[in-house]
Amino acid sequence: MAQNKANTADQSKLMEKIVSLAKRRGFIFQSSEIYGGLNGCWDYGPLGVEMLNNVKQQWWRSMTFRENVEGLDASILMHPRVWEASGHVENFTDPMVDCKQCKARYRLDVLFEETSLKKKKEILRELFPGEYDGQVKDEKVVESFEKYVSQDSNIPRIVPMLACPNCGNKGTFTDARKFNLMFKTFVGPVEDSSNVVYLRPETAQGIFVNFLNVQSASRQKIPFGIAQIGKAFRNEINTKNFLFRTREFEQMEMQFFVKPGTDVQHFDYWRSERMQWFVDLGMRKERLQWHQHPKDKLAHYAKDAYDIEYEFPFGWGEIEGVHNRTNFDLSRHEEFSGKTMKYFDEETKEKYTPFVIETSAGASRSFMAFLVDSYREEEAPTAEGGMEVRTVLKLHPSLAPTKIAVFPLVNRDGMPEIARSIEADLRRNFRVFYDDSGAVGRRYRRQDEVGTPYCITVDSETLQNKTVTVRDRDSMQQERIAINRLKEYFALKLL
RNA sequence: GCGGGAGUAACUCAGUUGGUAGAGUCACAGCCUUCCAAGCUGUUGGUCGCGGGUUCGAGUCCCGUCUCCCGCUCCA
């Protein structure tokens, strides 16, 4: 226990160090910082936006550089009926109560679930004197109870009759409060209920409603997928853990439309594809795991659901969900819009509503996982022969915000001029950083801290034979490369 | 939402019984430097999270509030 506590404190320190580095070097700033910040909102600084763009670009390539996946960018505001069809208007509302005695908080539906059969019967008898006397079948009790609590207007009556499962006190609950996790706003200048719109809580619906548009425009046949990257918004009760739970975040989603009956096979395929993506971009395998949602806790739309979890300093957290959404969404949109969402298979002459395999990654969460995973403090030798701590982001080169740094070893003998010309030349293809201040060792360390994979140094030998040193971030080894071969060298390493 | 901790320069922190804010790092300018961060000189930079109160006087005491971290709760 003591060890656990110390460990938690260390992990918390680690997270603080990463947050501090992220701010100091321009990855992440708190939103509206000069006004005291806005809870759960963060800004990406110069290096942060480069890295985030790299994450998104890698995802986009891995998805749309395929014959059977098309891209899409749907608008954030959508017709309000979309969210009725998707179930978000209804299901995003979780009434909750707090126990005034012991401060425990419950979701009302969970509280009802935990109420014993005997207690339910008692409550029904009290509510409807005479109707439930004597022998009553268990199923009928459960059914009547559920029917009663499904009416919102009955809630204020029933809550005071329940006892707190934690402290056992009765009548200590606050009134039920509803939390709708969708941000609501208004179209046009008049704020009334007839022109309510929502900020999308997920990007997926933009894909579903465009399913047939994309299919016919791109002449795709099932199975095929639609990929989209975009912002989504949830009015979370609590924000937490840096970028992990925020009210505004970015999703990278791909919905893959398949023939019913083939969904399990595609589900397995995409699960392995998505896990491999994180591994291929350098994330440590031992920090990744699958979490399968228990069947009885599945969301209203899902048949099967797995999350890819990353082990953050604060514990395991979901960075991507791979879900079998069945034909729920398309069917619902067909029902609510009155437009067909069915696909006609020319080969088999069948007409059906496709099943959907969803891969839904958090761009912001993935960003944070890559950042955390790459952060290392290593022992490194100093010029004096001692050892000291070297802070380095071991980012995969394709994710690193800066690819190459260029230094003149000293600021004379024409070295700066040569270094500048190398910089200008490489800048056409790569994000390059030029630095001539302080000792060269210090410049290397500055680049280590932001994950720059390669540093070029112009030295006195350059003046003799037109070669420079290229220093590798991870091994700190150098090799001599001819200036006129640099482009080719980095094309091989970085493209 | 509850409980605990915290908020002082860009970063890490000090600041005595209440007396008008300081260090190191960073940054910038110059000097010096021939390969793995902290050599020299100078300079910039602070509404002490914000608001109110007590006081002759508040970074310091009191109240409120915001934000961050930890735990609980929550996470269709």
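Order of the sequence lines sets the chain letters (A, B, ...), proteins ahead of strands, with each chain counted from 1.
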*For B:rG4 and B:rG51, measure between their P atoms and round to the nearest Å.*
26 Å

*Take atom CD of A:Glu33 and atom C1' of B:rC50, then tell me their distance rounded to the nearest Å.*
14 Å

*Please check the phosphate of B:rC66 (OP1 and OP2 only) for any side-chain N or O of A:Asn39 closer than 4.0 Å.*
no

*Assigned partner base of B:rA6, Watson-Crick or wobble definition, under 3.5 Å*: B:rU67

*B:rC74 and B:rG3: how far apart are their C1' atoms, nearest whole angstrom?*
16 Å

*Hey, does A:Phe242 reach any base, or is it just sugar-phosphate, or nothing, if we go heavy atoms under 4.0 Å?*
sugar-phosphate

*asked:* Distance check, C1' atoms only: B:rG39 and B:rC32, in whole angstrom units.
replied: 8 Å

*Which of the following nucleotides, B:rA37, B:rU34, B:rC68, is nearest to the side chain of A:Thr239?*
B:rC68

*When the distance from CG of A:Leu21 to C1' of B:rC26 is rounded to whole Å, what number comes out?*
13 Å

*Starting from P on B:rC26, measure out to NZ on A:Lys23 and report it in whole angstrom.*
18 Å

*Side chain of A:Arg245 (C-beta onward), nearest among B:rC36, B:rC68, B:rC74*: B:rC74

*With A:Arg420 as the cation and A:Tyr434 as the aromatic partner, state whether NZ or CZ is under 6.0 Å from the six-membered ring centre and within 45° of the axis.*
yes

*Integer-rounded Å distance: B:rC31 C1' and A:Arg412 CZ*: 12 Å

*Rounded to the nearest angstrom, tell me the gap between atom CZ in A:Arg247 and atom P in B:rU67.*
8 Å

*For A:Gly438 and for A:Phe314, find the nucleotide of RNA chain B with the closest heavy atom, then tell me which residue's nucleotide is more 5'.*
A:Gly438

*When we call it a touch if two heavy atoms are under 4.0 Å apart, what does A:Asp448 touch: a base, just sugar-phosphate, or nothing?*
nothing

*Interatomic distance where CG belongs to A:Leu243 and P belongs to B:rC69 [whole Å]*: 10 Å

*List the atom of A:Met368, the atom of A:Asn241, and the distance in Å for their closest heavy-atom pair.*
CE-O, 3.8 Å

*Looking at the side chain of A:Gln478, which of B:rU33, B:rC68, B:rC36 is the nearest nucleotide?*
B:rC36

*Side chain of A:Arg471 only, please: which of B:rC11, B:rC36, B:rA76 is the nearest?*
B:rC36

_Side chains of A:Lys23 and A:Phe29, heavy atoms from C-beta outward: is any pair under 4.5 Å?_
yes

_Is it the case that B:rC69 (base atoms only) and A:Glu16 (side chain only) share a donor and an acceptor within less than 3.5 Å, ignoring hydrogens and angles?_
no

*Answer with base, sugar-phosphate or nothing: what part of the nucleic acid does A:Gly40 contact at a heavy-atom distance below 4.0 Å?*
sugar-phosphate

*Scan every strand shown for a Watson-Crick or G-U wobble partner of B:rA23, both distances under 3.5 Å, and answer none if you come up empty.*
B:rU12

*Report yes or no: does A:Arg200 contribute a side-chain atom to a donor-acceptor pair with the main-chain N or O of A:Met78 at less than 3.5 Å?*
no

*In whole Å, what separates the P atom of B:rC61 from that of B:rG19?*
11 Å

*Considering only heavy atoms and no angle criterion, is a donor-acceptor pair shorter than 3.5 Å present between the side chain of A:Arg390 and the base of B:rC36?*
no

*Does A:Ser437 put a side-chain nitrogen or oxygen below 4.0 Å from OP1 or OP2 of B:rA27?*
no

*Scan A:Arg442 against the nucleic acid and name what it touches under 4.0 Å (heavy atoms): base, sugar-phosphate only, or nothing.*
sugar-phosphate

_Any-strand Watson-Crick or G-U partner of B:rU34, both distances under 3.5 Å_ = none

*Salt-bridge present (A:Arg287, A:Asp373; N to O < 4.0 Å)*: no

*Return the minimal non-hydrogen interatomic distance between A:Asp263 and A:Asn324, and the atom names on each side.*
OD2-ND2, 2.9 Å

*With heavy atoms under 4.0 Å as the rule, sort A:Arg446 into base, sugar-phosphate or nothing.*
sugar-phosphate

*asked:* Heavy atoms only, 4.0 Å cut-off, all strands: where does A:Asp459 land among base, sugar-phosphate and nothing?
replied: base

*asked:* At less than 4.0 Å, is any side-chain N or O atom of A:Arg445 found next to OP1 or OP2 of B:rA37? Yes or no.
replied: yes

*May I ask you to say what A:Ser460 touches in the nucleic acid, namely base, sugar-phosphate or nothing, with a heavy-atom cut-off under 4.0 Å?*
base

*Taking NZ, NE, NH1 and NH2 as the nitrogens, is one of them in A:Asp448 or A:Arg471 under 4.0 Å from a carboxylate oxygen of the other?*
yes

*For A:Arg25 and B:rC11, give me the distance from atom CZ to atom C1', rounded to whole Å.*
11 Å

_Only pairs with both distances under 3.5 Å count, Watson-Crick or wobble alike; so what is the partner of B:rC72 in this structure?_
B:rG1

*Nearest of B:rU34, B:rC70, B:rU12 to any side-chain atom of A:Asp413?*
B:rU34

*Looking across every strand, which nucleic acid part, if any, lies under 4.0 Å from A:Glu449 by heavy atom: base, sugar-phosphate, or nothing?*
nothing

*In whole angstrom, give me the gap between the C1' atoms of B:rA9 and B:rG5.*
23 Å

*asked:* Taking only side-chain N and O atoms of A:Asn411, does any of them lie within less than 4.0 angstrom of OP1 or OP2 on B:rG30?
replied: no

_Categorize A:Thr469 for me: base, sugar-phosphate, or nothing, with a 4.0 angstrom heavy-atom threshold over every strand shown._
base

*Pick the C1' atom in B:rA6 and in B:rG53, then give their distance to the nearest Å.*
23 Å

*NA contact type, A:Gln30, heavy-atom cut-off 4.0 Å: base, sugar-phosphate, or nothing?*
sugar-phosphate

*Relative to A:Phe233, does A:Arg247 satisfy both conditions: NZ or CZ under 6.0 angstrom from the six-membered ring centre, and within 45 degrees of the ring's axis?*
no

*Could you give the CG-to-C1' distance, from A:Asn241 to B:rG71, as a whole number of Å?*
12 Å

*Of all the nucleotides listed (B:rA76, B:rC11, B:rC68), which has the minimum atom distance to the side chain of A:Glu202?*
B:rA76

*Would you tell me whether A:Arg325 and A:Ser360 have side-chain atoms, one donor and one acceptor, within less than 3.5 Å of each other?*
no

